[in-house]
Trainee: 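Have a look at this one before I ask anything.
Atoms within each ligand, like the ligands themselves, are counted from 1 in listed order.
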Amino acid sequence: MNALTQDSLKAALRLGLASDTILIEGGKPLHGTVDVRGAKNLVTKAMVAALLADTPSVLHDVPAIADVNVVTGMLGAYGVAVATDGKGTYRLDPKNVERAHFAEIDALAGESRIPILFCGPLLHRLGEALIPDLGGCRIGNRPINFHMDALRAFGAVVDKSYEGIRLTAPNGLRGANIELPYPSVGATEQVLLTGVLAAGTTELRNAAIEPEILDLIAILQKMGAIITVEPNRVIFIEGVDRLDGYEHRAMFDRNEAASWASAALATRGDIFVSGAGQKDLTTFLNVYRKVGGAFDVREDGIRFWHPGGELQAVEFETDVHPGFMTDWQQPLIVALTQAQGRSVVHETVYENRFGFTEALNAMGADIRVVPGGIDTPTRRVPRRPLEQSAIIQGPTPLTGADIVVPDLRGGFSHLIAALTASGRSRVSNLGLIGRGYERFTDKLTDLGADFELVD
Ligand code: EPU
């Protein structure tokens, strides 16, 4: 194992992306195999959980993505020794946890949302947490009120300063009764990471139950936590005095799997996504099948392909698990531009997640975004105040264009659109895609894409 120093991290943050711009000659079906490893939205939280233990943790299948490097850097700043074998196994030793300089944390946190999840573990370990202003994708306001309200319920005192947020727990953290206004993924993780070492029992109602959260609960159980997932989104956490390190293989990245599946469909290609599992993708697979995509579930992954003929228009709403994930709509919408008829996608999780459609329209798509959403006879998810609907009229041929990547999932959709379009596209700001997609340019090479990285 090689210890990760701040210098090696800075180099790794570039993730081998020598260039931030890609020229794509589109219109060629993608064919081949890609590997999908541990989920970004689990691995980063599992790494934070290591901070709660008295002994080292070992995490397998960690992808080489920028968000992992951000968390590694932050853990390092707090004295956690992080080492890797360079093949995806990380060892995290929290023996020497110490305070970090705020400026260092602020510089390391970058665009990531993960720093907020350090609150509970830092309060337990150090009695204080300083959290910088948070980044993340530009897909909506992304407030942190649920997190702060939950931490206050545990007994934390929250002070806002010009540089960020300072939390203390003068009387320690005690189990709490918390009901989330919405089943937020991050706020549920916040409660889990705080409740496991709080004195007494915590009851969390209206919790998120995404598979990544259940995997995090499995990790915490390995560490010694007592967490019960009850029906109707209720989670009980019985606080314990101490936790040990864990050894765990991270669940696969469902968002990456759905992205490559959509790329196969949009480009009329055939991609075997090695490492993808059916159980955590059933909602996606249902919609994929209704659009006309073909898939074959195998022991070691799922093959996705365009079976020929026309794709069909569909209507669906994004929702919390077990609904259709908000992160899946952007790549699939590219395929829907190639489907026959009028598709409708209702985005109910974030208020600004259709911005990426502007670039698709510039490439020839016919997508109308309706702020406030629309009512249709077939929709099932109740209306939310900030929702939007996208109406996609297809099929429309796409032609190459110049695109600046706006956010992680929208950016990957732009890559798919460029691969689908006839002619040449120039896609810049690729670094954002590297936050969540491991070695994606190597994978494009393996799939036979025609592209060139330029300065
Ligand atoms: N919300 C609040 N207040 C809060 C927290 C959330 O109003 O304090 C709202 C959000 O604004 C949003 C909704 O609740 O409208 C759901 O947000 P949630 O907290 O569930 O999202 P998150 O934890 O910030 C994670 C993933 C996202 C993924 C969502 C939904 C990570 C690091 N991020 O975000 O992933 O879209 O859950 O599943 O786990 C991505 O990977 O590209 C990505 C954006």
Trainee: Tell me yes or no: between the side chains of T44 and D67, is some donor less than 3.5 Å from an acceptor?
Mentor: no
Trainee: Check whether any N or O atom of E351, backbone or side chain, sits under 3.5 Å from an N or O atom of ligand 1, and answer yes or no.
Mentor: no
Trainee: Got an N/O contact under 3.5 Å between E210 and ligand 1?
Mentor: no
Trainee: Using distance alone, determine whether T326 and ligand 1 share an N or O pair under 3.5 Å.
Mentor: no
Trainee: Please classify the K45 to ligand 1 contact at 4.0 Å (heavy-atom distances, strictly less than): side chain, backbone, both or neither.
Mentor: side chain
Trainee: Is any NZ, NE, NH1 or NH2 atom of the basic residue among D446 and R439 found under 4.0 Å from an Asp or Glu carboxylate oxygen of the other?
Mentor: no
Trainee: Hey, does F146 come in under 3.5 Å of ligand 1, counting only N/O atoms on both sides?
Mentor: yes
Trainee: If we count only N and O atoms by modelled type, under 3.5 Å, do the side chains of S57 and E247 hold a donor and an acceptor together?
Mentor: no
Trainee: For ligand 1, find out whether one of its N or O atoms is nearer than 3.5 Å to an N or O atom of E189.
Mentor: no
Trainee: Does L408 approach ligand 1 within less than 4.0 angstrom via side chain, backbone, both or neither, non-hydrogen atoms only?
Mentor: side chain
Trainee: When you compare the side chains of H248 and D215, does any donor N or O come within less than 3.5 Å of an acceptor on the partner?
Mentor: yes
Trainee: Quick one: look at H147 and ligand 1, take heavy-atom pairs under 4.0 Å, and tell me if it's side chain, backbone, both or neither.
Mentor: both
Trainee: Is it the case that ligand 1 has an N or O less than 3.5 angstrom from some N or O of Y182?
Mentor: no
Trainee: Determine the interplanar angle of the F356 and H414 rings, folded into 0 to 90°, and report it as parallel if under 30°, tilted if 30 to 60°, perpendicular if over 60°.
Mentor: tilted
Trainee: Ligand 1 versus V185, non-hydrogen atoms closer than 4.0 Å: side chain, backbone, both, neither?
Mentor: both
Trainee: Kindly confirm or rule out an N or O of P143 lying under 3.5 angstrom from an N or O of ligand 1.
Mentor: yes
Trainee: Residue-level breakdown please: for R353 versus ligand 1, do any non-hydrogen atoms fall below 4.0 Å on the side chain, on the backbone, on both, or on neither?
Mentor: side chain
Trainee: Number the atoms of ligand 1 from 1 as they appear, then name those within less than 4.0 Å of a heavy atom of I144, with their elements.
Mentor: 8 (O)
Trainee: I'd like to know if E212 and R254 make a salt bridge, using a cut-off of under 4.0 Å between side-chain N and carboxylate O.
Mentor: yes
Trainee: Hydrogens and angles aside, do T376 and E315 bring a side-chain donor and acceptor to less than 3.5 Å of each other?
Mentor: yes
Trainee: Can you find an N or O of V349 that's nearer than 3.5 Å to an N or O of ligand 1?
Mentor: yes
Trainee: Sort and list the pairs that fulfil ring-ring contact (aromatic ring centres under 6.0 Å, His included) and have at least one residue in residues 59-81, not counting sequence neighbours.
Mentor: Y78-F118
Trainee: Would one find an N or O of M325, backbone or side chain, under 3.5 Å from an N or O of ligand 1?
Mentor: no
Trainee: Could you tell me which residues satisfy ring pair (Phe, Tyr, Trp, His ring centres under 6.0 Å) with F295, sequence neighbours excluded, listed by chain and number?
Mentor: none
